[in-house]
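Only one structure is covered here, and it is reproduced in the block below.
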Amino acid sequence: FFVHGQRERMLFRNVLSRNARAFGAAAATASAGLVLVTSKDNDNNGDSPRITTTTFQSVAQCETPTVIGLLKEISQKLSNLESIVSGARIPEVRQQTTKNGIDIVLGAQWGDEGKGKLVDLLSQEYDVCARVAGGSNAGHTIVVGNKKYKFHLLPSGILNEKATCVVGNGVVVHLPSFMNELDSLSKNGIRYEGRVLLSDRAHLVFDFHQEVDGRNEARLGRHKLGTTKKGIGPAYASKISRNGLRVGDLQNWPHFERRFRSLCEQHMRAYQGLVIDVDAQLEYYKSIADRVGAMTVDTIAYTNSQFKDGKKILVEGANATMLDIDFGTYPYVTSSNPSVGSVLTGLGVSPRKLRSIYGTVKAYCTRVGEGPFPTELEISDGSVGMHLSQVGAEYGTTTGRPRRCGWIDIPQMQYSALINGFTSLNLTKLDVLTGLPEVKIGKRYKYKDGYLAGMPASLEMLSNVEVEYEVLPGWTEDISTVKNFEDLPVNCQKYVLRVQELIGVPIRWIGVGPNRLDVIDRGEGWELIGIDE
């Protein structure tokens, strides 16, 4: 139906416009291992050709079997068709190069998804690894051989001896805990000297912040929020109240001492019975001032200069989107923004410098603490919930509390993807589902007489949604040694592809075991870098 002339060119544009969803579906279908092939139907009242039928062919039959490659191929072929219509010469295909940028690993659920493991894996290729929000309430566990490392303030990239680790201005730092982590590294033979940089603008968490945190939680009784009691909320409150102290203040001792005494007095007045040994605390901070000072820098200037010099930068997110103070299940949230925006405000870089955004999601779902959890399962003897809890070793890295367990929640993940703009996903702990006769996917939320189109802000509504599930057959084969997606059991592949299809973001990494190398990497082609939304 392609004929030279203005009317025909308009007609061609019409076809593309009317069938944009079909062409867009090619990307999603390709991510499931298939390519959408369309056929036309001219019997449409003479208006214009209409795509009416679809067939599927294997990605392996295509020239470039990756999401990026397929989309570029589709785009190139459409451009060629337009050139034919207009009588122009078909342009040569030019290889595009991906620009350098800051890559980010974020938690996509309620935390504890396994971000640290991916950061540890990726950090071997990066020059700088950074934390940008939260504090010691975060907990990342890395298993190296028979040794287990637990980090709360340090980026997991510290295990890469060539990487410099940055604690950005958005982090709140409890220096005693920070020093303990550094000492633990030394005991394990890991050198950190010269590789750990603290932002001079990062605010400090003091012991009395932690005590206040515990008091506030106890006062709430059965309405408790489920905080880690690490003083994060009270420290951010001091920051917002503009009476907090920052890491850089330690280098001006008279100023630090004066501000610290004032802050202690304010807290003792506000919290009856709170006792702070001010002189003992000051003595401790004076004893570590030089050691802290050796690590203290302007991380904003440092990070941006590293970017300018072409260094590769990786940001390790803490907590997760559903615990975001703005986007999470408020008030059952953390006190910072663990979504993508924190990279800009917590590191001091512009949006133009960001590149890949990796969302980390468990093959099921967990939550620590209070708050609504739509797909939650009962944890009792012989139950699926008990299987997930025991096989997945679901206990908090920071608190040791047992995690609540449930099926993967698609509406929650779609919401997280919408906010963060994930370019690909890291699906973790798929091996935990092994042995279940069937696996379920929480597909939609139903509330009263209708389905919800998004994530409700109302906790009452979210607590009372009815989850509609899709049930898939399980698998029994051990997948812990699998290195290629195609070698996974068929039912396992189907589960991954269905989750990928429903969320609408390609899954690049798949965790198949607890060790740092128990990961399937499907390659850079399973990313959406360079594709406009």
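Only a predicted model underlies this, so the values are computations on that prediction, with no experimental measurement involved.
With rounding to the nearest 0.5 angstrom, the CE atom of M179 is 11.0 Å from the NE2 atom of H174. To the nearest 0.5 angstrom, S238 atom OG is 5.0 Å from N243 atom CG. How far CD of E181 is from OG of S177: 7.5 Å, rounded to the nearest 0.5 Å. One distance of note links CG of N426 with OG1 of T428; it measures 6.0 Å at 0.5 Å rounding. To the nearest 0.5 Å, the span separating CZ on F260 from CD1 on I276 amounts to 6.5 Å. Between the CD1 atom of I510 and the CG atom of D431 there is a distance of 11.5 Å, given to the nearest 0.5 Å.
Residues S424 and W526 are not in side-chain contact: their nearest non-hydrogen atoms beyond the backbone lie 4.5 Å or more apart. Taking 4.5 Å as the limit, every side-chain heavy atom of L472 sits out of range of all side-chain heavy atoms of N491. Side-chain contact between D103 and Y358: present, with at least one pair of heavy atoms (C-beta onward) separated by less than 4.5 Å. Side-chain contact between D324 and V333 is absent, with no heavy-atom pair separated by less than 4.5 Å. In this structure, I503 and F422 have side chains that are not in contact, with every pair of non-hydrogen atoms separated by 4.5 Å or more. Side chains of V512 and K429 form no contact here, defined as non-hydrogen atoms less than 4.5 Å apart. Put simply, the side chain of S350 reaches to within 4.5 Å of the side chain of K353, judged on heavy atoms. For the pair L274/R215, a side-chain contact is recorded, criterion being any heavy-atom separation below 4.5 Å from C-beta on.
Listed for the S342 side chain is a donor-acceptor partner under 3.5 Å among the backbone atoms of S339. Between the D521 side chain and the G523 main chain, a donor and an acceptor come within less than 3.5 Å of each other. Between the side chain of N464 and the main chain of E460, a donor-acceptor pair closer than 3.5 Å is present.
Taking both residues in full, the closest heavy atoms of C492 and I479 are given as SG-CD1, 4.3 Å, listed atom of the first, atom of the second, then distance. The shortest heavy-atom contact between W407 and E438 is CH2-O, 3.8 Å. Here the closest heavy-atom approach between residue A320 and residue P338 is recorded as O-CG, 3.2 Å. Contact record, M386 with S380: CB-O, 3.1 Å, taken as the closest heavy-atom pair. The minimum heavy-atom distance linking L388 with G406 is given by the pair CD1-O, 3.9 Å. Contact detail for G157 and A163: the closest heavy-atom pair is O-CB, 3.9 Å.
With 3.5 Å as the limit, one finds no donor-acceptor pair spanning the side chains of E477 and T434. Side-chain atoms of D112 and T366 form no donor-acceptor pair, as typed in the model, at a separation below 3.5 Å. Counted by atom type alone, D409 and Y445 present one or more donor-acceptor pairs between their side chains at under 3.5 Å. Using modelled atom types, one finds no donor on one side chain facing an acceptor on the other under 3.5 Å when comparing H203 with N169. Between the side chains of S480 and D478, at least one donor-acceptor pair of N or O atoms lies under 3.5 Å.
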* To do: Show the numbers, then the answer: is there a side-chain contact (heavy atoms from CB on, under 4.5 Å) between V505 and T423?
  => CA-CA 7 Å; V505 180; T423 57; over 6 Å; no
* Could you please spell out the steps behind the side-chain contact (heavy atoms from CB on, under 4.5 Å) verdict for V519 and K117? => CA-CA 9 Å; V519 178; K117 183 175 178 179; 3.7 Å; yes
* Asked: Checking side chain to side chain donor-acceptor pair (under 3.5 Å) for the pair Q109/T321: CA distance, chi angles, key distance, verdict?
  -> CA-CA 6 Å; Q109 296 166 307; T321 302; over 6 Å; no
* **Derivation of the side-chain contact (heavy atoms from CB on, under 4.5 Å) call for I325 and T334** => CA-CA 6 Å; I325 188 74; T334 191; 5.8 Å; no
* Kindly determine whether S336 and I232 satisfy side-chain contact (heavy atoms from CB on, under 4.5 Å), including the steps that lead there. => CA-CA 9 Å; S336 61; I232 308 305; 5.8 Å; no
* Give the intermediate values and the outcome of side chain to side chain donor-acceptor pair (under 3.5 Å) for residues Q412 and S416. => CA-CA 6 Å; Q412 176 271 309; S416 185; 4.5 Å; no
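A salt bridge links K443 and E470; the closest N-O separation between the charged side-chain nitrogens and carboxylate oxygens is under 4.0 Å. With respect to K362 and E113, no salt bridge is recorded, no charged nitrogen being found less than 4.0 Å from a carboxylate O. The existence of a salt bridge linking E394 and R367 is excluded, since no basic side-chain nitrogen approaches an acidic carboxylate oxygen closer than 4.0 Å. A salt bridge links R508 with E527: at least one charged nitrogen is closer than 4.0 Å to a carboxylate oxygen. For R444 and E468, the salt-bridge test passes: some basic side-chain N is under 4.0 Å from an acidic carboxylate O.
Aromatic ring orientation, F208 versus H267: tilted (interplanar angle from 30° to 60°). Taking the six-membered ring for Trp and thresholds of 30 and 60 degrees, W475 and Y495 have ring planes inclined between 30 and 60 degrees apart.
No more than 12 heavy-atom neighbours from other residues, nucleotides or ligands sit within 6.0 angstrom of CD on E378. In this structure, Y330 places its OH atom where only 12 or fewer heavy-atom neighbours from other residues, nucleotides or ligands lie under 6.0 Å away.
Residue V315 is tested with L106, V105, V132, V340 for a side-chain contact (heavy atoms from CB on, under 4.5 Å); the sole match is V132.
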